[in-house]
Protein chains: 2
Amino acid sequence: MNVNGKHFRTIWIENNNNGIVKIIDQRFLPHRFVVEDLTSVGEVAVAIKDMHVRGAGLIGAAAGYGMYLAALHAPWDEFFDHSMKHAAGLLLAARPTAVNLNWAVQKQFEAMEAASTNAEKVAVAYKTACHIADMDAAHCQMIGEHGLPIIEEISRKKAGKPVNILTHCNAGWLAFVDFGTATAPIYAAFEKGMDVHVWVDETRPRNQGASLTAWELAQQKVPHTVITDNAGGHLMQHGKVDMVIVGSDRTTFTGDVANKIGTYLKALAANDNGVPFFVALPSSTIDWEIEDGLAQIPIEERGAEEVKYMEGLCEGEIKKVLLTPENSPAANFAFDVTPARLVTALITERGICKPQKEDLLRLFPERKR
Amino acid sequence: MNVNGKHFRTIWIENNNNGIVKIIDQRFLPHRFVVEDLTSVGEVAVAIKDMHVRGAGLIGAAAGYGMYLAALHAPWDEFFDHSMKHAAGLLLAARPTAVNLNWAVQKQFEAMEAASTNAEKVAVAYKTACHIADMDAAHCQMIGEHGLPIIEEISRKKAGKPVNILTHCNAGWLAFVDFGTATAPIYAAFEKGMDVHVWVDETRPRNQGASLTAWELAQQKVPHTVITDNAGGHLMQHGKVDMVIVGSDRTTFTGDVANKIGTYLKALAANDNGVPFFVALPSSTIDWEIEDGLAQIPIEERGAEEVKYMEGLCEGEIKKVLLTPENSPAANFAFDVTPARLVTALITERGICKPQKEDLLRLFPERKR
């Protein structure tokens, strides 16, 4: 998508591939646009852990590139495999809830297995990393195409009046390599000239909505309004939300959706007010092993300081302010699980389906066992 | 309640009543404890509008004292009544959703009507203001007594294990003259030696939970943990909340509850997880005219800057940081309405009742028409 009118992806290697992975360092958005160079798998792991990059697809793509950097710098001997396993461990420990992390790492191992020499493995890892990123962008674009008719239909029913779409967190292009998932249908509708307006949940504690989603919508010139996470229910009660679209960090094959903390509350409000609640996701985030999302998906707990402090721009500098009494404890659960019963439909790169096993298997028959 | 071990109310006139109303200026909490002197109804209106004081009961008490200051400084002639009407208008315009504002102003008019001279009216206004404040404190204490058995029962069922109570916004003593409403049963249980733990919703955009509720619980030494507004649903899904208690800015006689934005989302989550959801309120916040809270209670919209900026302590100073892109619009609805069907019971100064007309009229039979 665009940054100041120029096309960018969130992660890339420049043509003269010199072992430098470039990322948009999202910690400084929306206030500063910073590109960071990553030259080792350790730096990639830190970038994932400390959220220079975040979001299901982008974490997967970063892990793919991280494995490539690990291969590039691995010792040229029998320790290669050991070194790659160590790299995988580093990456997997960075964010425990993100299923794409494991998915990308496994893709790399599978691809490298076919290669016989270490040099070949490096070449394969490079190709695979680029392929993971390209596929992520392509899948997001297809999610946009599949989601577009939903917005078109609401727009028709409203006789062209603005379609009000609420989204939580950032499942925009900043969370993927390009296009985004929740935002992809919105961008597609906007490009077709439809009148859309996005309610952007702030998304405490890390404010990915206020800082990232608002920023990327502004860069794309899509009309939007930032609201607190508390406001969505009230808006739905008063008919000011036509649909909700969120992303997902992990979706069970039974349709339970792990996504940013607070998603469940919006799903409850949508359900209570007859507002359709869509989850847009590439199939790489589907967990085909887990049946009960609530009981089985591990929920990452992050540091209390993310709740107690808030970062923002103050007199031209990015500063942190303390919100709570200094000694009050705080808890910081990063995700929650929205049960399938509250989800209207899943929008995947292969099409739309109900959040249930039979429907998902119809779209992904290769998963039948 | 206590501040650094010393007893305080949130608003008072010192014994040598010299026309100075003292308030805790809550804008600086939790970082600084500031007492402000108010000497005119204009200053009181500003203190209400700009939230030096806030919360249903405290706004009512402040309005009572504001009317007294207005009477004290009103011209000693036939313009007295006109001047008092002007003062009432000033106060009523300060916060449109707070029903106590109107209630306290009307109480003052009724009281003054019986007085024949202007001097008598001033004396009556003083007495009435003090009475409003005293009654507020007394009612909160009684709410504590009526709510206590609910916590005792949960504590018994859990065999003394900590009772986890979630609250939203600040319906603590800082929102009233003393004791608070939602907090009153908690303080009562804590004083009786029960093991209680409070999940404190941050309460964006103004963070009354993180800044005020956490502060007053800390001052009272009640165990608590600050969480984002997004987290409550997840905690309830995992059995980590035994009950919810919130306050109310206005409750219809049919049991619909207007309270801080986001309350409705917590009520939905409580309902979805079988967690009892209590609303503690003095009867002064009951609106006996309005039947349909959702359709009829006006919801105050406040400035976008409260959403776009966040205030906190930075390097020893209170500073504001910008969270969103500078030009992104933001909307700021201050309250939402929780329909009666989601409320387990109301806790009033006269006892506990179901959120429905018949039950409320049983407690307040003088309201029957």
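Chain identifiers are assigned alphabetically (A, B, ...) following the order of the sequence lines, protein sequences preceding nucleic acid strands; residue numbering begins at 1 within each chain.
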Donor-acceptor pairs are to be reported for all side-chain atoms of residues 319-332 of chain A against protein atoms at under 3.5 Å, with residues two or more places apart or in another chain.
unit_1: S328(A); atom_1: OG; unit_2: H224(B); atom_2: NE2; d: 2.7
unit_1: N332(A); atom_1: ND2; unit_2: G303(A); atom_2: O; d: 2.9
unit_1: N332(A); atom_1: ND2; unit_2: E306(A); atom_2: OE1; d: 2.9

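- For the options V226(B), L235(B), V337(B), heavy-atom pairs under 4.5 Å to chain A are most numerous at V226(B).
- For E291(A), the CD atom counts as loosely surrounded, since its 6.0 Å shell holds 12 or fewer non-hydrogen atoms of other residues, nucleotides or ligands.
- When each of I318(B), D336(B), L313(B) is checked for heavy-atom pairs under 4.5 Å with chain A, L313(B) comes out on top.
- Within the model, atoms OG1 of T228(B) and CD of E202(A) stand 10.0 Å from one another, a figure rounded to the nearest 0.5 Å.
- Note: Q237(B) leads K260(B), Q237(B), M310(B) in heavy-atom pairs under 4.5 Å with chain A.
- The aromatic rings of H234(A) and F333(B) are tilted relative to each other, their planes meeting at an angle between 30° and 60°.
- In terms of non-hydrogen atom pairs under 4.5 Å with chain B, the most contact-rich of I227(A), L212(A), N207(A), L294(A) is L294(A).
- Comparing H168(A), K308(A), E317(A) by heavy-atom pairs within less than 4.5 Å of chain B, the highest count is held by H168(A).
- For the set A231(B), A210(B), P339(B), A304(B), the entry with the most heavy-atom pairs within less than 4.5 Å of chain A is A210(B).
- Within a 6.0 Å radius of OH in Y309(A), other residues, nucleotides and ligands contribute 12 heavy atoms or fewer.
- The contact between F335(A) and chain B is made entirely by backbone atoms, counting heavy-atom distances below 4.5 Å.
- With rounding to the nearest 0.5 angstrom, the CG atom of D229(A) is 6.5 Å from the CG atom of D229(B).
- Most heavy-atom pairs under 4.5 Å with chain B: of the set S211(A), G233(A), P205(A), this distinction falls to G233(A).
- Here the straight-line distance linking atom SG of C314(A) with atom CD of E311(B) works out to 10.5 Å at 0.5 Å rounding.
- Applying a 4.5 Å heavy-atom cutoff, the residues of residues 266-273 of chain B that approach chain A are K266(B), L268(B), A269(B), D272(B), N273(B).
- Neither the backbone nor the side chain of R206(A) comes within contact range of chain B; no heavy atom of the residue lies under 4.5 Å from a heavy atom of that chain.
- For chain B, the nearby part of I299(A) is the side chain; its heavy atoms alone come within less than 4.5 Å.
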